[in-house]
Amino acid sequence: MASSRQVAEMSDNAKAFDSRMIAPALLDWYDRHARDLPWRTGPEALRNGVRPDPYRVWLSEVMLQQTTVAAVKSYYRRFTVTWPTVESLAAAADDDVMAAWAGLGYYSRARNLIAAARKVAEASGFPGNAEGLRALPGVGEYTSNAIAAIAYGEAVPVVDGNVERVVSRLLALAEPVKSAKSLIRETVAAMTPLDRPGDFAQAMMDLGATICTPKRPACVLCPINDRCTAFLAGPDPATLPVKAPKKERPSRLAAAFVAERATDGAVLLVRRPPSGLLGGMAGPYVTEFSSKKDGATGEGAAPFSADWVDCGTAEHGFTHFLLTLEVMWAQTPHGADLPPGAFWCPRERLAGEALPTVMRKAIAAAIPDAFNSGKI
DNA sequence: CAGCCGTGGAA
DNA sequence: TTTCCAAGGCT
């Protein structure tokens with residue numbers, strides 16, 4: 001925890017810091033070094049009066065929540081080709097959207113994406129400001145402000161993880177970002193220029209992603225290092241922001257039962273409940289995840305009686321626990337009593353199903369060529 | 001409010 | 001190899 005003396009120093013830093021001096025140098029740097037990303041309208045196009053499409057800005061921002069640029073690119077392209085407008089996305093079948101999202105993670109985002117698209121289509125357009133955007137499902141304070149700043153030029157503070165890190169170093173904050181949230185927001189609000197709020201927000205994020213990185217920041221290349229308290233006076237910028245102690249991830253155990261239809265190799269899938277872990281996604285029948293010691297696995301946990309073959313285990317790391325899946329395989333027995341909601345997925349459709357990565361791992365452990373058949 | 005909610009790539 | 005964590009939101 002921060003001592004009162006540290007907090008006093010932090011406040012002095014914040015007070016002495018002239019936030020208005022940041023934007024000019026940062027925007028000058030951005031004009032020369034902005035990353036070329038699929039969802040961006042370049043600074044040059046913006047000067048020529050081109051306005052970003054709020055649909056594309058929204059879609060990219062939702063995809064980018066806790067997700068790397070590299071991971072998002074191919075998904076963003078696929079979505080915008082398949083659904084070029086919010087109306088087309090609103091008209092899509094739920095499972096088509098979930099299938100297109102499969103592998104990107106945090107699947108509640110896809111559910112909220114569908115709900116928000118339909119709300120926008122019903123209203124004949126996106127809300128015209130940050131406050132209205134904030135009311136869409138899956139759009140929180142960061143995302144609403146990012147969309148408003150980028151698409152509408154609204155001068156609202158855009159604070160993401162990059163910005164928190166950059167500001168923590170600019171002010172040499174001795175507090176964890178969680179408890180400095182209000183100060184950071186106010187600082188960013190004061191830094192944001194009225195004329196180019198969207199470019200400023202993206203410039204801050206580019207800086208955080210390429211220069212002011214978490215572990216080894218390239219301070220010597222930073223366009224605002226002459227205004228950075230940590231760089232100028234310490235502590236070492238790499239030690240900021242102060243992080244809360246991390247908790248260890250528990251291990252859990254479950255069993256996956258991959259049933260294959262003898263006649264054609266189709267795989268039995270079940271639709272998972274709409275909320276919770278992997279909500280709304282498909283997968284083989286999987287037992288409840290339990291603590292490692294009392295995990296009810298083995299043939300006794302099977303959804304129906306069959307000659308289950310042990311295929312070994314599949315490991316998968318979730319955000320808050322590590323999962324070991326005991327994978328079992330069996331051909332469909334005659335007259336099997338299938339789990340409720342189960343359906344047979346033809347082999348050639350497996351790759352296109354709404355299967356999370358962990359479920360693909362389980363299926364691949366039981367049927368090594370499950371996702372290869374159908375391809376040449 | 002602290003815990004839940006995925007994944008894959010970088011270091 | 002293991003660890004860390006990325007343009008957060010929801011409850």
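So you know, we letter chains A, B, ... as the sequences are listed, proteins then strands, and number each from 1. Please read these numbers as outputs of a predicted model, since none were measured by experiment.
Spacing between atom CZ of A/Arg109 and atom P of B/dC4 amounts to 19 Å, rounded to whole angstrom units. The distance between atom CG of A/Leu64 and atom C1' of B/dT7, rounded to the nearest whole Å, is 14 Å. Look at CG on A/Leu322: it is 11 Å from P on C/dT2, rounded to the nearest Å. The NZ-C1' distance, from A/Lys243 to C/dA6, rounds to 13 Å in whole Å. Residue A/Trp101 contributes atom CH2, which lies 13 Å from atom C1' of B/dC5 at whole-angstrom precision. In this structure, the CZ atom of A/Phe318 is 20 Å from the P atom of C/dC4, given to the nearest Å. Rounded to whole Å, atom C1' of C/dG8 lies 13 Å from atom CG of A/Asn145. Across the protein-nucleic acid pair, A/Leu278 atom CG and B/dC5 atom C1' stand 9 Å apart, rounded to whole Å.
Ionic pairing of A/Lys361 and A/Glu315 is not present here: no N-O contact between side-chain nitrogen and carboxylate oxygen is shorter than 4.0 angstrom. The pair A/Arg40-A/Asp199 fails the salt-bridge criterion, with no side-chain N (NZ, NE, NH1 or NH2) lying under 4.0 Å from an Asp/Glu carboxylate O. A salt bridge links A/Asp28 with A/Arg32; the closest basic N to acidic carboxylate O contact falls under 4.0 Å. For A/Asp160 and A/Arg165, the salt-bridge test fails: no basic side-chain N is under 4.0 Å from an acidic carboxylate O.
Of the residues in residues 30-42 of chain A, not one places a heavy atom less than 4.0 Å from an atom of DNA chain B. Of the residues in residues 203-210 of chain A, those with a non-hydrogen atom less than 4.0 angstrom from any atom of DNA chain C are A/Met205.
Among the protein residues, A/Leu104 comes within range of the nucleic acid bases, having at least one heavy atom under 4.0 Å from a base atom. No contact: A/Val163 has no heavy atom under 4.0 Å from any strand.
For the pair A/Arg249 and A/Phe321, the cation-pi test (distance below 6.0 Å, angle within 45°) is failed. Geometric assessment of A/Arg109 against the ring of A/Tyr106 yields a negative cation-pi assignment under the 6.0 Å and 45° thresholds.
Using cut-offs of 30° and 60° on the angle between ring planes, the pair A/Trp29 and A/His33 is tilted.
In this structure a side-chain-to-backbone donor-acceptor pair under 3.5 Å is present from A/Arg169 to A/Leu240. Judged purely by atom type and a 3.5 angstrom limit, A/Thr213 has no side-chain atom pairing as donor or acceptor with the backbone of A/Thr210.
Each of A/Lys178 and A/Thr319 has a nearest nucleotide on DNA chain B; the 5'-most of these lies closest to A/Lys178.
Legend: salt bridge (charged side-chain N to carboxylate O under 4.0 Å, His left out) pairs involving residues 79-97 of chain A, not counting sequence neighbours, sorted by first then second residue: A/Asp94-A/Arg111, A/Asp94-A/Arg118, A/Asp95-A/Arg271.
The shortest side-chain heavy-atom distance between A/Val242 and A/Leu173 does not fall under the 4.5 Å cut-off.
In this structure, a donor-acceptor pair under 3.5 Å is absent between the side chains of A/Glu131 and A/Ser144.
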| said: Before you tell me yes or no, could you show the steps for A/Phe318 and A/His316 under ring-ring contact (aromatic ring centres under 6.0 Å, His included), namely the whole-Å CA-CA distance, both residues' side-chain angles and the distance that decides it to 0.1 Å? | reply: CA-CA 6 Å; A/Phe318 289 95; A/His316 189 76; 4.8 Å; yes
| query | side-chain hydrogen bond (donor to acceptor under 3.5 Å, both in side chains) between A/Tyr142 and A/Glu61: does it pass, once the steps are laid out? | reply | CA-CA 9 Å; A/Tyr142 161 76; A/Glu61 289 300 341; 2.7 Å; yes
Donor-acceptor pairs are to be reported for all side-chain atoms of residues 256-263 of chain A against protein atoms at under 3.5 Å, with residues two or more places apart or in another chain.
unit_1	atom_1	unit_2	atom_2	d
A/Glu260	OE1	A/Trp329	NE1	2.7
A/Glu260	OE2	A/Arg347	NH2	2.8
A/Arg261	NE	A/Asp264	OD1	3.0
A/Arg261	NH2	A/Asp264	OD2	2.8

Look for any protein N or O under 3.5 Å of an N or O in nucleotides 8-11 of chain B and output each such pair with its distance, or none.
unit_1	atom_1	unit_2	atom_2	d
B/dG8	OP1	A/Thr357	OG1	3.3

Using a cut-off of under 3.5 Å, enumerate the N/O to N/O pairs linking the protein to nucleotides 9-11 of chain C.
unit_1	atom_1	unit_2	atom_2	d
C/dG9	OP1	A/Gly140	N	2.9
C/dG9	OP1	A/Thr143	N	2.9
C/dG9	OP1	A/Thr143	OG1	2.5
C/dG9	OP2	A/Tyr142	N	3.3
C/dC10	OP1	A/Gly138	N	2.7

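Closest approach to the A/Pro214 side chain among C/dA6, B/dG6, C/dC5 is made by C/dA6 (side chain taken as heavy atoms from C-beta onward).
For the P atom pair drawn from B/dG6 and C/dT11, the interatomic distance equals 14 Å after rounding to whole Å.
Checking the phosphate oxygens (OP1, OP2) of B/dC4, no side-chain nitrogen or oxygen of A/His320 falls inside 4.0 Å. Note on A/Tyr107: a side-chain N or O is less than 4.0 Å away from OP1 or OP2 of B/dT7.
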